[in-house]
Amino acid sequence: MAVETRVERTLELADRVVSAPGRGRGLTWSSALAYVLLSLGAVAMVTPFIWMLLTSLKPPPEMVQFSFLPQNPTLENYVRVLQTANFGRWYLNSIIVAIISTTSVVFFDALAGYTLNKFRFPGKELIFIGMLGTLMVPTEMLIIPWYTMSVQWGWHQGLAQYWGIAFPGVITAAGIFLMRQFFDGVPNELLDAARIDGMSEFGIWWSIALPLVRPAIAALAIFNFIGNWNAYIWPLIIASGREYYTLPVGLSFFRGESTTEWEKIMTAASLASVPLLTVFLVFQRQIIKGIALTGLKG
Amino acid sequence: MLHRRLWMVLAVLLTAALVLAACPAPAAPGGQEAAPEAQEAAPAQETAPEEEAPAAEEEVIEIEYWQYNFEARVKAMDKLIEMFQAENPNIRVIHNADIPYAEFRDKIAASVPAGVGPDVVTLFYGWQVAWIDAGYLVPLPEDEFPIRMVEEQFSPMVRASIWDGKLWTLPTAVRTLALFYNKDLMAQAGLDPESPPRTLDELREMAVQCTQRDDQGNFLVQGFVVEPAAQDHHWFREVLVRQFGGQPYSDDYRQVMYNSDAGKEAWRYLVSFRTELETGDKDLFDGSTNAFLAGKVCFHVDGSFRLGTIANKAPDLNFGVAELPEYNGIKSTFGSYWTHGITKKAAADPKRMEAAVKFLKFITSPEAGALWVREVGELPAQIEAGSDPELLADPKLGAFARGLEYAHATFFVDESKQRQVLIDAFDNVVLAEMDPDEALEIAAEEEQAVLDEFWGDR
Amino acid sequence: MRLTLHQRQVLWAYIFLAIPVLFFVVIRWYPTLLAFNISFRDWNVFEASGPWVGLEHYRQIGEELFKPRSAVRAAFWNTIRYVVYGVPSQLVLGLAIALMMNHIRRFVTLYRVAYFAPYVTSAVAVAFVWNWLYQPQTGLINQVLSALGLPNQPFTKSPQQALQSITAVAVWQNLGFAVIIFLAGLQQIPEMYYEAARIDGATPWQLFRHITLPLLNPVIVYLTVLGTISYLRMFALVQNMSPQGTGGPLKSTTTVVLEVYREGFSSYNMGFAAALTVILFLLILLITIVQLRFLSQRVEY
């Protein structure tokens with residue numbers, strides 16, 4: 001791991017020198033302005049997040065007071081939430097479902113997006129619009145038929161529920177659209193050259209085209225993971241009981257008819273955001289200036 | 001590189017989750033993971049050994065019972081189920097209470113075409129007509145649940161469960177509204193904290209006296225906050241309108257009548273707290289309920305279920321509960337309840353139906369009601385248990401219990417829409433500066449349209 | 001039999017698309033068509049089925065659209081306003097931030113995490129936090145305004161400001177998404193184009209106008225189309241942020257999907273809800289096709 005990181009850093013450094021000849025000289029006025037503006041924006045972006053963390057440190061009676069900082073900060077909420085029946089299980093469930101879905105989405109969406117961009121065939125427009133069309137129906141209208149299907153196929157009980165929770169999202173139109181747009185930047189000549197060399201179509205996609213859209217794949221993986229992580233209504237409908245709830249569904253246990261234990265929700269939400277930030281931190285590094293270019297040169 | 005990274009993240013996340021999952025969860029029932037339904041029926045399994053003999057001769061009937069998740073209710077029902085199964089070894093009740101309150105109806109709706117779902121179900125009484133309309137509920141058998149029994153033994157508000165000449169559901173417990181008052185704030189304002197307002201006029205005066213503002217005119221203490229979206233739309237309909245000499249609806253609840261002169265007077269009384277007296281603003285301090293919990297409101301109309309919230313969120317609040325203020329010598333309160341019905345799924349099989357009826361009888365008995373008061377803090381639905389002197393003398397629950405004999409439950413056909421018209425009427429007065437009478441007329445017209453649409457089909 | 005190159009391509013295209021197409025037909029289109037069918041029926045959601053009523057629900061919606069104070073009318077109108085305010089803000093801010101991030105060399109990861117933080121925060125937490133920030137008198141924003149001597153604002157409590165206030169939260173939450181996609185798009189633009197143009201003496205604005213913007217076209221198309229669809233489907237945020245989740249005050253924040261949900265599950269009127277869904281579907285479809293036609297440009301490298 002250490003070696004790999006070092007290699008990567010060297011590449012990155014080399015890349016900077018090659019690709020940004022005008023900018024290596026230090027702070028220009030334009031980048032100074034960028035730092036200032038970005039910092040101001042960043043404060044606005046993270047304040048609510050910080051407030052969530054601060055709220056999770058408040059004992060319940062402080063929830064009806066209106067102070068920004070907790071007066072008697074406590075980890076009690078964390079202890080209580082972690083002790084809540086099944087919290088660890090909900091965490092595990094969320095991870096299993098997000099992994100099933102993201103693995104499948106990255107593969108199928110990238111393949112379909114590539115095909116819809118790089119191939120000419122009858123029905124192409126229709127298939128594309130037909131896929132996009134699935135984004136135009138609110139999920140709330142689909143949960144009843146999905147549930148009926150799941151019961152028919154036995155996906156509503158036992159371990160099959162993981163598949164039951166994941167199946168509506170194992171291929172996504174938004175992801176296919178994203179990949180279709182990004183494959184636009186991959187030169188056709190490159191693919192044709194590979195065909196002349198006798199490479200298989202699948203091989204061309206896998207080893208030529210795919211590496212060139214790595215930033216987009218990283219973005220797709222991030223967004224899909226997060227989207228699944230936060231999904232609420234469908235996992236709630238399909239899961240037979242608390243054992244199979246995902247985190248957001250489990251969070252609903254702190255919301256009642258007449259009261260909501262916001263401090264617990266904030267605690268659980270803070271805990272829930274940790275894996276997301278981890279996933280983000282890892283994948284966002286794939287979105288690095290010059291990678292696509294390096295690929296092209298090679 | 002990408003792949004190796006990916007696997008690394010997955011591995012780390014999975015390990016973290018497994019560690020978390022492996023932590024013993026104190027409140028976790030059972031412990032096996034394979035069959036969640038079996039777990040929920042844990043009480044049945046634990047008592048199994050003694051019952052093996054009869055079970056072998058007689059087939060065990062399994063029925064499913066659903067309610068929304070609320071810890072105290074779930075525990076109380078678990079106890080009732082345990083007692084019931086001890087009496088009826090050939091019936092097993094599967095208790096599904098993992099459904100959040102807000103999505104309870106969604107979950108049931110999804111279960112209908114799939115042919116699964118509960119045999120006995122707990123629902124808000126205001127939803128009942130729509131469920132009957134869909135053919136989802138079946139009438140309770142006349143011989144086991146005679147209507148006369150309801151009229152004689154249950155709080156009068158439970159008559160909202162009778163529709164079309166039949167009884168459709170029965171509750172274990174009911175709720176009423178009462179007046180919460182903050183003793184410290186009253187004392188601060190020079191009022192006697194032990195004598196809360198007893199009439200509407202007193203409420204007005206005391207609310208004004210209790211209100212405090214800072215130099216800029218910001219509220220420090222709000223005397224009384226009107227928030228129709230909370231309980232005040234009920235308070236208006238079933239309490240104020242009657243007290244001012246009107247009637248909220250015709251007796252059969254098909255005709256809106258609160259737009260009468262008396263109704264308008266009651267409405268003006270309600271909105272005056274916001275517009276003329278300026279004793280509070282529902283948009284401050286996150287709504288009237290939270291503001292009361294925060295110790296920033298003197299008087300607050302709310303239900304018995306709020307006692308639990310206060311115990312949890314504002315344990316140090318020095319408050320009392322009194323009956324709702326009377327007016328013109330008229331006492332009234334709004335009553336509501338979560339009620340239990342039998343579904344058509346149960347009715348499809350005579351054996352299940354028989355078991356469901358037995359179970360329903362058990363959970364609506366006076367004994368069940370008494371257990372419910374202890375466990376959940378709601379009032380028993382049966383008059384006998386509700387007039388228990390000990391309950392009436394309770395410093396907090398007593399005021400609610402005394403309301404049982406004069407409580408009215410509105411017969412809703414579409415509870416959320418009927419509430420919305422009054423929320424909008426209030427907002428029209430406050431935010432759109434509409435004349436209160438005009439705003440109420442619009443509300444009456446819109447609510448009448450909702451009622452007409454429902455009754456038009458019949 | 002030997003296939004021509006083109007025929008082989010067609011065959012491979014179908015092979016690659018077989019599983020996704022099958023998936024969309026069974027899992028997405030079949031339930032969608034069921035919903036379309038329900039829109040012609042009088043279906044209480046707790047029934048297994050309901051009687052055919054033809055275009056009755058569509059007629060009702062048509063009537064509602066001309067009624068004052070109608071929730072349906074407000075819903076359509078508001079939904080369009082969400083798109084008009086939300087999509088351009090998200091695109092312009094997203095692009096500006098991505099360009100700035102692309103320009104700087106230090107603390108890049110830190111900034112990315114900061115701008116991405118809202119996106120990883122769960123929806124209920126976001127709604128809670130913003131409701132608190134927006135509180136009159138006690139909320140952080142109003143306290144800052146007071147400290148600066150500015151008048152307090154009601155934000156979500158006022159019919160005039162509520163929709164804009166909720167849109168701001170939506171933009172805030174989705175900005176990270178736009179930024180990351182833009183960043184990924186910027187990575188695809190070969191640096192040599194810029195170098196060549198610089199040698200020709202191009203100004204930064206010319207670089208942006210003639211290289212960055214045209215080469216970002218696929219990304220802009222994507223973000224516009226997807227952003228429009230998601231704002232047209234606005235639901236969870238309004239449900240969590242408006243008073244009692246009803247799209248108030250005075251219907252000023254309600255959306256079509258919120259009305260679908262309320263009609264379908266609170267008022268048990270699934271037929272009407274399905275008809276609303278169909279109309280929304282057609283509206284989104286039309287807008288999407290128009291956007292794809294007019295925004296997409298073929299870029300010659």
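Just so it is clear, the model here is predicted, and its values are computed rather than measured. Each chain gets a letter, A, B and so on, in the order its sequence line appears, and its residues count up from 1.
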Which portion of Leu285(C) sits near chain A, non-hydrogen atoms under 4.5 angstrom: both

Atom group of Tyr119(C) that falls short of 4.5 Å from chain A, counting heavy atoms: both

Among Val46(A), Asn230(A), Leu111(A), residue most engaged with chain C (heavy-atom pairs, under 4.5 Å): Leu111(A)

Separation between CD1 of Ile229(C) and CG of Leu132(A), rounded to the nearest 0.5 Å: 5.5 Å

Interchain contact, Ser150(A) with chain C, by part (heavy-atom threshold 4.5 Å): neither

Segment of Ile181(C) engaging chain A (4.5 angstrom heavy-atom cut-off): both

Side-chain heavy atoms of Phe128(C) within contact of Thr55(A), under 4.5 Å: yes

Shortest non-hydrogen contact between Ala34(A) and Met100(C), atoms and distance: CA-SD, 3.8 Å

Heavy-atom pair count under 4.5 Å with chain A, highest-scoring of Leu133(C), Leu280(C), Val225(C): Val225(C)

Separation of Asp184(A) CG from Ser296(C) OG (nearest 0.5 Å): 8.5 Å

Contact class of Val221(C) relative to chain A, heavy atoms under 4.5 angstrom: both

Among the listed options Val10(C), Ile104(C), Leu5(C), the residue most often paired with chain A at heavy-atom distances under 4.5 Å: Ile104(C)

Contacting moiety of Leu292(C), where chain A heavy atoms sit under 4.5 Å: side chain

Heavy-atom side-chain proximity of Ile27(C) to Leu142(A) below 4.5 angstrom: no

Residues, nucleotides or ligands: over 12 heavy atoms within 6.0 Å of Tyr14(C) OH: yes

Side chain / backbone / both / neither for Ile226(A) at chain C, heavy atoms under 4.5 Å: side chain

Partner chain C: residue of Thr115(A), Leu276(A), Ile171(A) with the largest heavy-atom pair count (under 4.5 Å): Ile171(A)

Contact origin within Ala274(C) toward chain A - heavy atom pairs under 4.5 Å: both

Pairwise distance CG(Leu277(A)) to OG1(Thr121(C)) - rounded to 0.5 angstrom: 8.0 Å

Rounded distance [0.5 Å steps], OH in Tyr222(C) versus CD in Gln181(A): 9.0 Å

Donor-acceptor contact present, side-chain Trp29(C) to main-chain Gly130(A), <3.5 Å: yes

Arg112(C) vs Phe280(A) side-chain heavy atoms within contact, under 4.5 Å: yes

Chain C interface, residue from Ala268(A), Ser270(A), Ala112(A), Ala272(A) that has the most non-hydrogen pairs under 4.5 Å: Ala112(A)

Check against side-chain contact (heavy atoms from CB on, under 4.5 Å), Leu135(A) and Leu226(C): CA-CA 9 Å; Leu135(A) 290 174; Leu226(C) 215 72; 3.7 Å; yes

Residue Phe281(C) versus chain A: region with a heavy atom under 4.5 Å: both

Residue selection (most heavy-atom pairs with chain A, distance under 4.5 Å) from Phe177(C), Tyr30(C), Trp130(C): Phe177(C)

Proximity breakdown for Ile143(A) and chain C, heavy-atom pairs closer than 4.5 Å: side chain

Closest contact, heavy atoms only, Leu37(A) versus Tyr115(C): O-OH, 4.0 Å

Contacting region of Val26(C) [heavy-atom separation from chain A under 4.5 Å]: both

Heavy-atom proximity to chain A below 4.5 Å, by part of Thr288(C): side chain

Met52(A) vs Ser122(C) side-chain heavy atoms within contact, under 4.5 Å: no

Chain A contacts, top residue of Leu183(C), Val278(C), Thr32(C) (heavy-atom pairs, under 4.5 Å): Thr32(C)

Test item: side-chain donor near acceptor, Tyr111(C) and Ser39(A), under 3.5 Å: yes

Interatomic spacing from CZ in Arg120(A) to NE2 in His6(C) - rounded to 0.5 Å: 5.5 Å

Validation row: Pro218(C), Phe183(A) side chains within 4.5 angstrom (heavy atoms): no

Exercise: identify the closest heavy-atom pair between Phe121(A) and Ala13(C): CD2-CB, 3.4 Å

Under 4.5 Å from a heavy atom of chain A, the part of Leu11(C) involved: neither

Residue Phe23(C) versus chain A: region with a heavy atom under 4.5 Å: side chain

Arg233(C) side chain to Met136(A) backbone, donor-acceptor under 3.5 Å: no

Leu140(C)/Trp51(A) under side-chain contact (heavy atoms from CB on, under 4.5 Å): CA gap, chis, key distance, verdict: CA-CA 11 Å; Leu140(C) 191 62; Trp51(A) 162 250; over 6 Å; no

Smallest separation among heavy atoms of Lys118(A) and Gln9(C), with atom names: O-OE1, 4.4 Å

Choice from Val219(C), Val113(C), Leu34(C) maximising heavy atom contacts with chain A below 4.5 Å: Val113(C)

Partner chain A: residue of Ile284(C), Ile15(C), Leu282(C) with the largest heavy-atom pair count (under 4.5 Å): Ile284(C)

Option in Gly123(A), Gly41(A), Ala216(A) with maximal non-hydrogen atom pairs under 4.5 Å from chain C: Gly41(A)

Which atoms of Val213(A) approach chain C - backbone, side chain, both or neither, heavy atom under 4.5 Å: both

For Arg106(C) against Tyr35(A), the heavy-atom pair lying closest together: N-OH, 3.0 Å

Validation row: Pro138(A), Thr277(C) side chains within 4.5 angstrom (heavy atoms): yes

Side-chain (Arg28(C)) to main-chain (Pro168(A)) donor-acceptor, under 3.5 angstrom: yes

Main-chain N/O of Pro215(A) paired with Gln187(C) side-chain donor or acceptor, under 3.5 Å: no

Mutual orientation of the aromatic rings belonging to Phe119(A) and Phe16(C) [parallel < 30°, tilted 30-60°, perpendicular > 60°]: perpendicular

Side chains of Phe223(A) and Ile180(C) in contact at under 4.5 Å (non-hydrogen atoms): yes

Chain C contacts, top residue of Ser273(A), Ser252(A), Pro248(A), Ser30(A) (heavy-atom pairs, under 4.5 Å): Ser30(A)

Residue part contacting chain A, namely of Ala123(C), when any heavy atom lies under 4.5 Å: neither

Distance-minimising heavy-atom pair for Gln188(C) and Gly185(A): OE1-CA, 4.1 Å

Which of Phe49(A), Trp146(A), Phe177(A), Tyr114(A) touches chain C most, by non-hydrogen pairs under 4.5 Å: Phe177(A)

